[in-house]
Amino acid sequence: WRWTDETFLPMLQSPHPGSPRALGLSPLRPSGSALAPRSPSPPPPHTPPLLSRPPPPLAPPPPPVPPPPPLHPRRVAPTSLTLAMRRFRALVLHTLWPSDRSLWGSLRSPAWWALQALGHFPLVGQLWWLVLAALVDRSDEYQLCAFIVGLRVSHFLSLGLGAASYACYHAYLCTLAAAADADAVAGEAGSRGAEVCLRLGPKLHLWGAAFWLLQLCVTLRTFALLPQSVKKGALVPLERRQRLPFSSRLHLASGGAIARANSSSLPADAVRGGLLPRLGRLDLGLAVCAVALAVSACVVLRGARLGATLWWIRTVHGLFSGPYVAFKLPLLDTLLTHARKTGYDRLGHTVPFKARVVVSPSPPPSPPPLRRPKMSAGAFKSLIADGRSRRAGEQGELCDADG
């Protein structure tokens, strides 16, 4: 077999017509013998010699590999209007609820007083609170509580006490007009007391009632967002043990795990907002009653009677917002809401509250005066004797030098 391979394999490497490979003869295949039946195969195509053969065509380059997607997708560059709106939001929120300034520091800011007073005006305040509802962080517990308390206190001061005082003043004017009307009737002269009362009496227009109903809807929606809020001002991720029921405390004493603040397995009494959701249920009942009375008045009354009735319905509802004033007192807001205080930085981000302590520069302390150390009488006498002996020795050396 080795001789057969050495003889026939070189012939098989050059497939020319008439070669054993062309005839189908191969010493390594018994089926390639002349006696074995073979199926007819087409003759191989004639290939030119290796030197005159054209070079094979180059393979097409592989398609380029697309780059991997970025970790953070590229954001669209904000427009000038968007940047202006972001700056306005950051400025307003950092002025009203700063994270680096306490209440006493905010009281010294004129901008804080201006924005606080803006929400108590009768006409501008309604639009201002709608703007604040779109600006505040609706995922933080403290900011939701602060917005609810601020809006309801504004209703108590402006729509409650302010509207009642305004109505009492005009009722006094109407009384004076009615007295003048009675005098005119007694003197048989024309009277205009009824016209003065109708003109000076407080009335609520339909657009004012629509804004009032819209603010009620915003307040109820904020109450609905409280259960899903988070404590962004919590410095530790654990709930306080004082807010857990007695059974949970026993579980903790036996070595059990503590429920985290952002977990869905919170105890039943660890609700968001503290006492504020209970006032929310009362507020919902008062809002339903006020809306029902307003709708009944719109159906039954017309003209000046309708405006006066809507005015007093809104005034009474505003006076019922008095309990929210307790949440505005210092230290009581955290005690009643159980919320961790947060604020806004200069970029408008919600961060934990940390008041900045400003320390006035003080001059460096002066060094203490030098004092002579105390010495006993024996030590003082020995020091005098040593000085005299040294002086006598120096005088002896000078005498020897002169001699």
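All values below were derived from every heavy atom in this structure, side-chain atoms included, with hydrogens, water molecules and symmetry-related copies excluded.
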Can you tell me how far [atom2] of [Y] sits from [atom1] of [X], rounded to the nearest 0.5 angstrom?
X    : Y    : atom1 : atom2 : answer
L347 : R87  : CG    : CZ    : 11.0 Å
L132 : L127 : CG    : CG    : 11.5 Å
L335 : F327 : CG    : CZ    : 10.0 Å
L310 : R305 : CG    : CZ    : 14.0 Å
W97  : T350 : CH2   : OG1   : 11.0 Å
S109 : Q116 : OG    : CD    : 10.5 Å

message: Under the rule for side chain to side chain donor-acceptor pair (under 3.5 Å), what residues qualify as partners of H170, not counting sequence neighbours?
response: Y166
- prompt: Can you name the side chain to side chain donor-acceptor pair (under 3.5 Å) partners of D140, sequence neighbours left out?
  reply: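 Checked D140 against side chain to side chain donor-acceptor pair (under 3.5 Å); matches are T342.
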task: Could you walk me through whether F88 and L135 pass side-chain contact (heavy atoms from CB on, under 4.5 Å), step by step?
output: CA-CA 10 Å; F88 173 75; L135 297 182; 4.2 Å; yes
Which atom pair, heavy atoms only, marks the closest approach of [X] to [Y]?
X    : Y    : answer
S99  : F353 : O-CD1, 3.6 Å
T315 : A164 : CG2-N, 3.8 Å
P98  : S106 : CG-OG, 3.8 Å
L279 : Y324 : O-OH, 3.5 Å
Y344 : H94  : O-CD2, 3.0 Å
C145 : L226 : SG-CD2, 3.9 Å

task: Report the C-alpha distance between L275 and T337 in whole Å, list the side-chain angles of each, state the deciding distance to 0.1 Å, and finish with yes or no for side-chain contact (heavy atoms from CB on, under 4.5 Å).
output: CA-CA 6 Å; L275 298 179; T337 61; over 6 Å; no
- prompt: So which pairs with a foot in residues 116-139 pass salt bridge (Lys or Arg N to Asp or Glu O under 4.0 Å), sequence neighbours left out?
  reply: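 The answer is D137-K232.
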Selection residues 142-157 - residue pairs positive for salt bridge (Lys or Arg N to Asp or Glu O under 4.0 Å), sequence neighbours left out: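 Matches after skipping sequence neighbours: R152-D283.
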query: Should we count CG of L332 as having more than 12 external heavy atoms under 6.0 Å?
result: yes
Side chains of residues 216-225: which donor-acceptor partners sit under 3.5 Å, not counting sequence neighbours?
unit_1 : atom_1 : unit_2 : atom_2 : d
T219   : OG1    : Q215   : O      : 2.8
T222   : OG1    : V218   : O      : 2.8

task: State, with a plain yes or no, whether a side-chain heavy atom of H155 is found less than 4.5 Å away from one of L151.
output: yes
field: Within-4.5 Å side-chain heavy-atom neighbours: L336 and L276
entry: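 A side-chain contact is absent here, since even the closest heavy-atom pair is not under 4.5 Å.
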message: Set out, in order, the CA-CA distance, both residues' side-chain angles and the distance that settles side-chain contact (heavy atoms from CB on, under 4.5 Å) for V291 and W212, then state yes or no.
response: CA-CA 10 Å; V291 171; W212 172 58; 5.6 Å; no
Distance-only check: which donor-acceptor pairs under 3.5 Å involve side-chain atoms of residues 297-304, not counting sequence neighbours?
unit_1 : atom_1 : unit_2 : atom_2 : d
R302   : NH1    : C298   : O      : 2.6

- prompt: Taking the six-membered ring of W311, is NZ or CZ of R314 closer than 6.0 Å to its centre and within 45° of its axis?
  reply: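 Satisfied, under 6.0 Å and within 45°.
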- request: Assess whether side-chain contact (heavy atoms from CB on, under 4.5 Å) is satisfied between L118 and V124, documenting all intermediate values.
  value: CA-CA 7 Å; L118 193 61; V124 184; 3.7 Å; yes
